[in-house]
Amino acid sequence: MTLTSETCEACRADSPKVTEEEIRELKPQIPEWEMTEVRSVPHLRRTFRFDGWMPAVRFVDALAELVEEQDHHPVIRLEWGKLTVSWWTHAIDGLHRNDFIMAARTDEIYGKHSE
């Protein structure tokens with residue numbers, strides 16, 4: 001099963017973080033995403049490029065629909081010609097499978113908006 005066909009599950013403070021083995025399995029499905037840390041909390045982050053302001057805004061609009069539907073919300077930084085998205089799960093202060101699902105689905109939306 002590909003990440004883009006999965007949906008997010010509700011997370012609680014006791015939900016499991018992804019293991020190193022799971023990261024090795026999932027990361028190849030989102031090769032453009034980098035693993036970063038913010039205040040010792042791992043994140044998935046990717047910067048998307050656009051030709052101007054409005055294409056990036058339209059991408060944010062499409063992404064907003066998905067995040068509301070899945071009830072999993074990233075940090076989004078919108079600038080002229082680019083947009084940076086960071087995924088992690090607040091409830092567990094780390095990465096959950098949901099973050100990989102949403103990164104893959106973000107890539108899918110970008111593919112539709114960059115054509």
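In what follows, every heavy atom counts, from backbone to side chain, and hydrogens, waters and symmetry copies are set aside. Note that the numbering runs from 1 along the sequence shown for the chain.
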*Count the heavy atoms belonging to other residues, nucleotides or ligands that lie under 6.0 Å from CD of E65, then report whether that count exceeds 12.*
no
*For atom CG of D61, decide whether the heavy atoms of other residues, nucleotides or ligands shown that lie under 6.0 angstrom number more than 12.*
yes
Any side-chain heavy-atom pair from [X] and [Y] closer than 4.5 angstrom?
| X | Y | result |
| --- | --- | --- |
| L26 | I30 | no |
| M102 | L66 | yes |
| I23 | M35 | yes |
| N98 | E9 | yes |

So, taking the atom named [atom1] in [X] and the one named [atom2] in [Y], what distance separates them when rounded to the nearest 0.5 Å?
| X | Y | atom1 | atom2 | result |
| --- | --- | --- | --- | --- |
| E32 | D107 | CD | CG | 7.5 Å |
| E22 | E20 | CD | CD | 10.0 Å |
| T89 | L95 | OG1 | CG | 7.0 Å |
| T4 | I109 | OG1 | CD1 | 11.0 Å |
| T7 | E69 | OG1 | CD | 9.0 Å |
| R45 | E37 | CZ | CD | 11.5 Å |

Determine the minimum heavy-atom distance between [X] and [Y], stating which atoms define it.
| X | Y | result |
| --- | --- | --- |
| S86 | P74 | O-CB, 3.2 Å |
| S15 | A10 | OG-O, 4.3 Å |
| C11 | A91 | O-CB, 4.3 Å |
| R97 | V18 | N-CG1, 3.5 Å |

_Over 60° means perpendicular and under 30° means parallel, so tell me whether Y110 and F59 are parallel, tilted or perpendicular._
perpendicular
*Please state whether the rings of F48 and W33 are parallel, tilted or perpendicular, taking 30° and 60° as the class boundaries.*
perpendicular
Cluster link [X] to [Y], ILVMFWY, side chain under 4.5 Å:
| X | Y | answer |
| --- | --- | --- |
| W87 | V38 | no |
| F100 | I92 | no |
| F50 | W53 | yes |

_Does E68 form a side chain to side chain donor-acceptor pair (under 3.5 Å) with H73? I'd like the steps, not just the answer._
CA-CA 7 Å; E68 271 302 295; H73 303 82; 2.8 Å; yes
*List in chain and number order the residues that pass salt bridge (charged side-chain N to carboxylate O under 4.0 Å, His left out) with D14, two or more places apart in sequence or in another chain; answer none if no residue qualifies.*
R12
*asked:* Once side chain to side chain donor-acceptor pair (under 3.5 Å) is applied, do any residues pair with R24, and if so which ones, sequence neighbours excluded?
replied: none
Check: [Y] main-chain N/O paired with [X] side-chain donor or acceptor under 3.5 Å:
| X | Y | answer |
| --- | --- | --- |
| H96 | G94 | no |
| E108 | R105 | no |
| E6 | I101 | no |

*Could you verify whether a donor N or O on one side chain and an acceptor N or O on the other, from D99 and H72, lie under 3.5 Å apart?*
yes
